[in-house]
Amino acid sequence: MQSAQTGNDVRVERLIEWLRDAHAMEAQAETMLNKQASRIENYPDLKARIEQHIVETQNQAKLIEGCLRRYDKSYSGFKDMGGKMMAMGQAMGGMMVNDEIVKGAQMGYVFENLEIASYTILIAAAQAVGDTETQQVCKRILEEEVAMAEWLRQHLPQLTQAYLTRAATPDVEAKR
């Protein structure tokens, strides 16, 4: 039978592992967002919102680092590198499609929802171990992720219409 201390140790270990996953996820997001923003030429509202979210993402990674430091832990460079490599692959794949701007926004929305799920889990895990500071940090980050996902959801129809209008106009770049 597992003691209460052992049960809490497992919970803390899992929280630390998930915090490291969240840091890697933010590293992936930063790379992905930077690549996406650098390629946007004809959709200024989207570019501006992505650039705003890049700053938020960088801050989120620092906040997660602070949570890990409270446990005398650091993020996983290996996981971060893996996330960045996946983001590079996603960016390369996006360049190959004619509707890059629409696919990029769609994938951004999906990724934001992955982050929403991850921070919801982290909040519950932090609560389970009584780590109110990590819980508050993750709630703050969750609010930013929800705001970005909602912005994308609300703007997908208008972005789609702008893309279709540009694509139907001769000699006008629509892709990005």
Side-chain angles (χ1 to χ4, degrees), residues 1-39 46-94 104-155:
M1 187 159 104
Q2 202 176 40
S3 71
Q5 179 62 36
T6 303
N8 201 47
D9 290 347
V10 169
R11 289 182 185 104
V12 169
E13 286 176 23
R14 189 56 45 215
L15 174 62
I16 291 166
E17 187 66 24
W18 289 339
L19 286 167
R20 286 178 170 153
D21 291 345
H23 193 276
M25 181 176 61
E26 295 304 344
Q28 180 179 358
E30 182 181 356
T31 300
M32 183 175 63
L33 292 167
N34 275 317
K35 293 293 181 193
Q36 188 177 17
S38 73
R39 294 189 48 78
L46 178 61
K47 184 175 183 128
R49 185 60 178 99
I50 288 172
E51 288 172 342
Q52 175 189 339
H53 198 55
I54 290 168
V55 173
E56 292 170 347
T57 298
Q58 292 165 337
N59 188 53
Q60 291 165 0
K62 290 176 187 165
L63 289 169
I64 295 299
E65 288 171 24
C67 293
L68 286 164
R69 273 194 304 275
R70 284 194 303 280
Y71 288 99
D72 290 325
K73 303 292 181 182
S74 65
Y75 60 89
S76 168
F78 182 72
K79 284 185 178 187
D80 282 17
M81 183 58 66
K84 288 178 182 182
M85 289 176 65
M86 284 194 310
M88 293 293 284
Q90 290 166 330
M92 295 296 289
Q106 181 183 35
M107 289 301 105
Y109 180 73
V110 169
F111 196 85
E112 290 304 321
N113 280 280
L114 170 67
E115 290 180 304
I116 289 166
S118 296
Y119 286 109
T120 301
I121 290 165
L122 279 167
I123 290 165
Q127 183 178 20
V129 301
D131 183 346
T132 56
E133 197 166 343
T134 295
Q135 193 175 355
Q136 290 307 312
V137 164
C138 292
K139 283 181 179 181
R140 176 178 163 193
I141 294 171
L142 177 62
E143 289 173 8
E144 293 174 348
E145 303 300 2
V146 167
M148 183 63 184
E150 182 60 18
W151 189 94
L152 286 167
R153 189 188 66 74
Q154 288 178 359
H155 288 82

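Worth knowing before you read on, the calculation uses all heavy atoms, side chains too, and leaves out hydrogens, waters and symmetry mates.
- Shortest non-hydrogen contact noted between Leu152 and Tyr109 is CD1-N, 3.6 Å.
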Any chance you could lay out the side chain to side chain contact (heavy atoms under 4.5 Å, CB included) test for Met148 and Phe111, step after step, and finish with the verdict?
CA-CA 10 Å; Met148 183 63 184; Phe111 196 85; over 6 Å; no

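- Taking NE2 of His53 as the reference point, atom CD of Gln58 lies at 11.0 Å (rounded to 0.5 Å).
- For the residue pair Glu112 and Ala149, the shortest heavy atom distance occurs at CB-CB, 3.7 Å.
- Across Ser74 and Arg20, no two heavy atoms sit closer than the pair O-NE, 2.8 Å.
- Salt bridge absent: Lys62 and Glu65 never bring a charged side-chain N and a carboxylate O closer than 4.0 Å.
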Run the side chain to side chain contact (heavy atoms under 4.5 Å, CB included) test on Lys47 and Glu51 for me, step by step, so that the C-alpha distance in whole Å, both residues' side-chain angles and the decisive distance to 0.1 Å come before the verdict.
CA-CA 6 Å; Lys47 184 175 183 128; Glu51 288 172 342; 3.2 Å; yes

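- More than 12 heavy atoms of other residues, nucleotides or ligands shown are found within 6.0 angstrom of CZ on Arg70.
- For the atom pair Leu19 CG and Leu63 CG, the distance stands at 11.5 Å (nearest 0.5 Å).
- The NZ atom of Lys139 lies 9.0 Å from the CD atom of Glu143; values are rounded to the nearest 0.5 Å.
- Of the possible polar contacts, none joining the Arg11 side chain to the Ala125 backbone as a donor-acceptor pair under 3.5 Å is found.
- Scanning both residues, Ala61 and His23, for their nearest heavy atoms gives O-CD2, 3.3 Å.
- In this structure, Ile123 CD1 and Arg140 CZ are separated by 13.0 Å, a value rounded to the nearest 0.5 Å.
- With values rounded to the nearest 0.5 angstrom, Leu142 atom CG is found 11.0 Å from Ile121 atom CD1.
- Between Thr57 and Ile54 there is no side-chain heavy-atom pair separated by less than 4.5 Å.
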Might you work through the side chain to side chain contact (heavy atoms under 4.5 Å, CB included) test for Glu145 and Glu56, ending with a clear yes or no?
CA-CA 9 Å; Glu145 303 300 2; Glu56 292 170 347; over 6 Å; no

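- Between Cys138 and Leu122, the closest heavy-atom pair is SG-CB, 3.7 Å.
- Within the 4.5 Å cutoff, no side-chain heavy atoms of Ile64 are placed close to those of Thr134.
- The shortest side-chain heavy-atom distance between Tyr119 and Met25 falls under the 4.5 Å cut-off.
- Rounding to the nearest 0.5 Å places CD1 of Ile50 at 7.0 Å from CH2 of Trp151.
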